[in-house]
Asks: 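Quick one: the structure is below, and I'll ask about it shortly.
Counting from 1, the numbers follow the sequence of the chain as shown. Computed over heavy atoms, backbone and side chain alike; hydrogens, waters and symmetry mates excluded.
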Amino acid sequence: MLTATIDVAGLHPARHAFSLLGRIESRKLLWAGQFVCAVQTSVGKLQVRGNRDVLLDVEDGSWLALRLQRDEQGVRVSVFERASPLVQAAWLPSVPCVQLADLQRLRLLLGRLSPAAQALFMSVMASGRTQLRFFRRTAALDHHARPGGLFEQSVHAAELAYTAQHPSEAERDAATLAALLFDLGKLVDPQVGHDLLRAGPELEPHVMTCLRVLPACDLMERHDAVLASTVRGLLVPGSDEVDHSLYQRVRHAVERSWLASSFVQLDTK
């Protein structure tokens, strides 16, 4: 059941196109060939508008993959496709992704997280440029050493973190996000290095990851302060907010995901 109340439009910068999956509600026709309607998503509800011809023959209750853009007057619909509600996670990529199996795994995983956790990820990925780099970046020279390797490895790490033993759903969601975003800083690092040399109890996220994640954590403070604080503690090196037991679960998930495409055995104790 979709009941979240997060400001979905506020997760995306003005004048930036973004995509999401949602259910059409309360569609109304206006003058001059315009319409307005609500779109209910797994993260929250937003009001959208557009030319009447864009959503011609679309009824309330329809599930659509929507291409949207924020402007001074709100959110406008530009393109849509009919979609299946089997995976109800709101986030959809706004740029092409050829790794369809990994993308499907990610959306399935996101759909199991809380609305706030999904929204934090959406905020981090609000830029199409960020998404494109994530989908194309090589992970490292010693594992997932191919274009798109970082995306594949990050999704696997998140799955491992999700299925680990956690005392609460809140810690599970925070660990999943931290594992997924652990090395997002590589997107702005021109060097591709050897990750297995980083492995061990002192492993830290990529030094640039915090710069990619902190704005999203700050944005989510008003919706879920505990989640924002926990993710910040896990991904900011030296943070006073870090839960060391939780961090070790994230570290183990990341290191195990490295081994999925490596012939080197790590000591993950």
Side-chain angles (χ1 to χ4, degrees), residues 1-97 103 106-131 173 177 213 215-225 227-228:
M1 186 175 181
L2 305 179
T3 58
T5 57
I6 292 171
D7 176 16
V8 183
L11 302 175
H12 303 88
R15 295 179 296 280
H16 278 232
F18 62 99
S19 301
L20 56 75
L21 175 73
R23 186 181 63 215
I24 299 299
E25 297 180 353
S26 306
R27 181 170 176 265
K28 297 179 181 178
L29 299 180
L30 305 177
W31 61 277
Q34 299 290 299
F35 77 88
V36 295
C37 70
V39 180
Q40 181 66 61
T41 78
S42 63
V43 172
K45 183 180 290 189
L46 73 163
Q47 298 292 319
V48 303
R49 73 186 199 288
N51 294 325
R52 179 165 46 187
D53 292 344
V54 172
L55 292 188
L56 195 63
D57 299 327
V58 172
E59 300 177 349
D60 282 2
S62 299
W63 284 86
L64 303 178
L66 296 159
R67 179 77 167 180
L68 306 167
Q69 186 164 2
R70 282 184 62 196
D71 58 26
E72 294 78 5
Q73 298 178 349
V75 180
R76 173 175 289 276
V77 178
S78 57
V79 182
F80 81 92
E81 293 181 3
R82 294 187 183 273
S84 167
L86 294 179
V87 180
Q88 295 186 1
W91 180 78
L92 290 172
S94 58
V95 298
C97 177
L103 179 61
L106 174 57
R107 296 197 65 252
L108 282 168
L109 184 61
L110 290 173
R112 299 186 181 114
L113 304 183
S114 69
Q118 294 183 51
L120 195 153
F121 176 78
M122 291 173 70
S123 180
V124 172
M125 289 290 155
S127 165
R129 180 177 298 180
T130 297
Q131 295 176 31
D173 288 1
L177 283 177
V213 174
C217 289
D218 293 343
L219 182 65
M220 292 309 300
E221 280 282 354
R222 55 182 175 158
H223 298 296
D224 191 331
L227 174 72

Asks: Pair Leu68, Leu46 - check side chain to side chain contact (heavy atoms under 4.5 Å, CB included), show working.
Replies: CA-CA 11 Å; Leu68 306 167; Leu46 73 163; 4.2 Å; yes
Asks: Just jot down the ring pair (Phe, Tyr, Trp, His ring centres under 6.0 Å) partners of His223, sequence neighbours excluded, or say none.
Replies: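 Testing His223 for ring pair (Phe, Tyr, Trp, His ring centres under 6.0 Å), a comparison that skips the adjacent residues, returns none.
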Asks: Can you tell me how far the CD atom of Gln88 sits from the CZ atom of Arg107, to the nearest 0.5 Å?
Replies: 10.0 Å
Asks: May I have all residue pairs that pass ring-ring contact (aromatic ring centres under 6.0 Å, His included) and include part of residues 9-39, sequence neighbours excluded?
Replies: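 For residues 9-39: His12-Phe18.
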Asks: I'd like to check the side-chain contact (heavy atoms from CB on, under 4.5 Å) partners of Ser78; sequence neighbours left out, ordered by chain and number.
Replies: Arg67
Asks: Less than 4.5 Å apart, side chain to side chain, heavy atoms only: is that true for Val48 and Leu66?
Replies: no
Asks: Considering residues, nucleotides and ligands other than Glu81, do more than 12 of their heavy atoms fall under 6.0 Å from its CD?
Replies: no
Asks: Would you name the heavy atoms of Ala83 and Ala65 that are closest together and state the gap between them?
Replies: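 Taking Ala83 first and Ala65 second, the nearest heavy atoms are CB-N, 3.9 Å.
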Asks: Where do Asp60 and Arg27 come nearest, in terms of heavy atoms and distance?
Replies: OD1-N, 3.2 Å
Asks: Which pair of heavy atoms, one from Ile24 and one from Val39, lies closest together, and at what distance?
Replies: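 Closest heavy-atom pair between Ile24 and Val39: CD1-CG2, 4.0 Å.
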Asks: As an exercise, state the distance from NZ of Lys28 to SG of Cys37, rounded to the nearest 0.5 Å.
Replies: 11.0 Å
Asks: Could you report the tightest heavy-atom contact between Ala89 and Leu110, atom names first, then the distance?
Replies: CB-CB, 4.1 Å
Asks: Which value, rounded to the nearest 0.5 Å, describes the distance between Gln40 atom CD and Leu21 atom CG?
Replies: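 That separation rounds to 11.5 Å.
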Asks: Report the distance from atom CG of Asp173 to atom CG of Leu113, rounding to the nearest 0.5 Å.
Replies: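 So the CG of Asp173 and the CG of Leu113 are separated by 4.5 Å.
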Asks: Which heavy atom in Gln118 sits nearest to a heavy atom in Ser42, and how many Å separate them?
Replies: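 Result for this residue pair: OE1-OG, 2.7 Å.
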Asks: Could you check if a side-chain atom of Asn51 sits within less than 4.5 angstrom of a side-chain atom of Gln34, using non-hydrogen atoms only?
Replies: yes
Asks: Return the set of residues passing side-chain contact (heavy atoms from CB on, under 4.5 Å) with Ala116 (not counting sequence neighbours), or none when no residue passes.
Replies: Ile6, Ser114, Met220, Asp224, Leu227
Asks: Do the side chains of Leu64 and Leu55 get nearer than 4.5 Å, heavy atoms only?
Replies: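 A side-chain contact under 4.5 Å exists here.
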Asks: Under the rule for side-chain hydrogen bond (donor to acceptor under 3.5 Å, both in side chains), what residues qualify as partners of Gln131, not counting sequence neighbours?
Replies: Ser94
Asks: Taking all atoms of both residues into account, what is the closest heavy-atom pair of Ser62 and Arg82, and its distance?
Replies: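 It is OG-NH1, 3.9 Å.
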Asks: Can Leu106 and Trp91 be said to form a side chain to side chain contact (heavy atoms under 4.5 Å, CB included), step by step?
Replies: CA-CA 10 Å; Leu106 174 57; Trp91 180 78; 3.7 Å; yes
Asks: Report the residues that fulfil side-chain hydrogen bond (donor to acceptor under 3.5 Å, both in side chains) with Gln73, sequence neighbours left out, ordered by chain and then residue number.
Replies: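 Checked Gln73 against side-chain hydrogen bond (donor to acceptor under 3.5 Å, both in side chains); matches are Arg49.
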